[in-house]
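Everything below concerns the one structure shown next.
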Amino acid sequence: MGSIYFKVTAPLPVETVEGVVAMGGELSDSTGAAQEAPSVSGLAEPEASGLQEPPGVAEVAKADAAPAADLAKAEAPAPATAAATAAAEAPEAQSERQPAPMSFWIALASCAVALAIFYAYFSFVRLEIFKMLLGSFFPLALMILAVLGTIVFGLATPTEAAAMGSLGGLLLAAAYRRLNYVVLRESVYLTAKTSAMVCWLFVGSSIFSAAFALLGGQEIINTWVLGMNLTPVQFMILAQVVIFLLGWPLEWTEIIVIFMPIFIPLLPHFGIDPLFFGLLVALNLQTAFLSPPVAMAAFYLKGVSPPHVTLNQIFAGMMPFMGIQVFAIVLLYMFPAIGLWLPEVLYK
């Protein structure tokens with residue numbers, strides 16, 4: 001709330017006047033340098049022909065105009081003096097903070113009331129639970145938000161965010177007093193093993209894609225799909241069904257790097273946004289990992305669950321979540337702005 005207070009009470013920016021400003025008979029620019037007024041070409045006072053002023057009148061008029069001109073010069077500030085005065089007054093106007101709006105004080109009072117209610121019902125049992133969360137959940141949640149938040153807000157690339165995650169892991173291990181040579185060696189070994197597996201997967205997928213395209217496989221797929229005269233909706237359903245079936249025996253990495261290049265060249269023909277298609281594929285893969293008969297997520301969960309929990313119980317517990325995933329896919333297809341609004345705001 002203190003940060004919000006300094007934000008809402010920040011002084012207004014000082015507007016600088018630029019350009020040429022007329023001052024008396026001269027022209028002054030924004031730097032204060034005086035310039036002579038340009039003469040109007042083509043216009044001249046008509047010569048008096050035949051009529052002349054009586055002698056002595058001109059001298060009297062000049063004598064009367066001289067005191068008025070001197071008085072005007074004394075009262076009009078010089079351009080440099082005016083600029084200096086404005087520059088001296090600008091810091092004072094900048095330092096004046098605005099009053100906080102009423103909504104800020106209402107929010108502050110609401111936070112105070114919520115804290116009062118929380119501490120009124122606070123107990124030592126809740127304190128112990130909070131200590132457990134503070135030592136287990138909160139550090140991991142903070143590290144996840146730091147890694148993903150830097151990617152979402154464009155502050156770091158995925159590689160740089162991964163470096164931040166590894167640094168956060170080292171700090172957490174040091175905070176838990178588990179940072180030693182054995183843990184560090186095992187972490188480096190597992191990281192190298194995973195990186196090597198993914199790199200070989202990319203190598204194999206690149207070879208497969210090149211051989212598939214060289215032998216005419218991509219052209220056969222394109223001709224087959226386009227020959228069915230599918231509408232964009234029918235093509236989306238066909239692609240999602242194929243990806244759903246591939247999600248049973250394969251991991252998401254194999255599907256993304258091997259089979260996605262088969263569908264991507266067909267997207268411009270049906271007028272489908274690649275980002276929208278990728279969001280549907282991501283939700284579809286999550287659904288496939290929860291679906292029997294394979295359901296890799298179920299086997300992962302079985303590996304860390306107690307012995308008395310059976311695989312059938314895990315399958316039964318996954319069904320509601322699978323239904324939620326299918327409903328989310330339908331909602332995303334009917335209302336694409338659910339998934340496209342935030343990227344358009346952040347990366348427009």
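We number each residue from 1, following the sequence as shown. These numbers come from a predicted model, not from an experiment.
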Separation of Leu170 CG from Leu184 CG (nearest 0.5 Å): 6.5 Å
Take a 6.0 Å sphere around CZ of Phe202 and say whether it holds more than 12 heavy atoms from other residues, nucleotides or ligands. no
To the nearest 0.5 Å, atom CG of Leu331 lies from atom CG of Leu283 at 10.0 Å
Atom CE of Met334: over 12 foreign heavy atoms under 6.0 Å: no
Can a donor-acceptor pair be found, under 3.5 Å and without considering hydrogens, that links the side chain of Arg97 to the backbone of Val8? no
Would Leu246 and Ile237 show up in the same hydrophobic cluster when neighbours are defined by side-chain heavy atoms closer than 4.5 Å? yes
Tell me, with the steps shown, if Val225 and Phe263 meet side-chain contact (heavy atoms from CB on, under 4.5 Å). CA-CA 10 Å; Val225 174; Phe263 295 104; over 6 Å; no
Please round to the nearest 0.5 Å and tell me the distance separating atom CG of Asn284 and atom CZ of Phe289. 9.5 Å
CG on Leu266 to CZ on Phe235, rounded to 0.5 Å: 4.5 Å
Closest heavy-atom contact between Ser166 and Ala163? OG-O, 2.7 Å
Looking at every heavy atom in both Ile151 and Ala161, which two are closest together, and how far apart are they? CG1-CB, 3.5 Å
Leu230 vs Phe270 side-chain heavy atoms within contact, under 4.5 Å: yes
Rounded to the nearest 0.5 Å, what separation is found between the CG atom of Leu245 and the CD1 atom of Ile255? 10.0 Å
Should we count CE of Met228 as having more than 12 external heavy atoms under 6.0 Å? yes
OG1 on Thr287 to CE on Met318, rounded to 0.5 Å: 12.0 Å
Indicate yes or no: at least one non-hydrogen side-chain atom of Thr9 is less than 4.5 angstrom from one of Phe104. no
In terms of hydrophobic clustering (I, L, V, M, F, W, Y; side-chain heavy atoms under 4.5 Å; direct or indirect links), are Val188 and Leu171 co-clustered? no
Joint cluster assignment, Trp105 & Met1, ILVMFWY side-chain distance < 4.5 Å: yes
For atom CD of Glu186, decide whether the heavy atoms of other residues, nucleotides or ligands shown that lie under 6.0 angstrom number more than 12. no
State, with a plain yes or no, whether a side-chain heavy atom of Leu280 is found less than 4.5 Å away from one of Phe277. no
How close do Gln313 and His308 get, counting heavy atoms only, and between which atoms? OE1-O, 3.9 Å
Pair Tyr333-Val233, side-chain contact (heavy atoms from CB on, under 4.5 Å): steps then yes or no: CA-CA 10 Å; Tyr333 184 79; Val233 177; 2.9 Å; yes
Using a 4.5 Å cut-off on heavy atoms from C-beta on, say whether the side chain of Glu160 contacts that of Thr150. no
More than 12 foreign heavy atoms under 6.0 Å from CZ of Phe138: is that the case here? yes
Flag the pair Val242 / Phe259 as yes when at least one side-chain heavy-atom distance between them is below 4.5 Å, and no otherwise. no
What are the two closest heavy atoms between Gly339 and Leu332, and how far apart are they? N-CD1, 3.6 Å
So if you build clusters from Ile, Leu, Val, Met, Phe, Trp, Tyr with side-chain heavy-atom gaps below 4.5 Å, do Ile256 and Met236 land together? yes
Would Leu148 and Met164 show up in the same hydrophobic cluster when neighbours are defined by side-chain heavy atoms closer than 4.5 Å? no
For residues Leu226 and Thr223, determine if any side-chain heavy atom of one lies less than 4.5 Å from a side-chain heavy atom of the other. no
How close do Gly247 and Ala288 get, heavy atom to heavy atom, and via which atoms? CA-CB, 3.8 Å
With the side chain counted from C-beta on, respond yes when Pro336 and Trp341 share a heavy-atom pair under 4.5 Å apart, and no when they do not. no
Asn180/Val183 under side-chain contact (heavy atoms from CB on, under 4.5 Å): CA gap, chis, key distance, verdict: CA-CA 6 Å; Asn180 50 43; Val183 172; 3.1 Å; yes
Within the structure provided, determine whether Val281 and Gln240 are in side-chain contact (heavy-atom separation under 4.5 Å). yes
Which is it for Met319 and Leu290 under the side-chain contact (heavy atoms from CB on, under 4.5 Å) test, yes or no, and what are the steps along the way? CA-CA 8 Å; Met319 289 302 173; Leu290 297 178; over 6 Å; no
Do you know which two heavy atoms are closest between Ser305 and Ile314, and how far apart they sit? OG-CD1, 4.3 Å
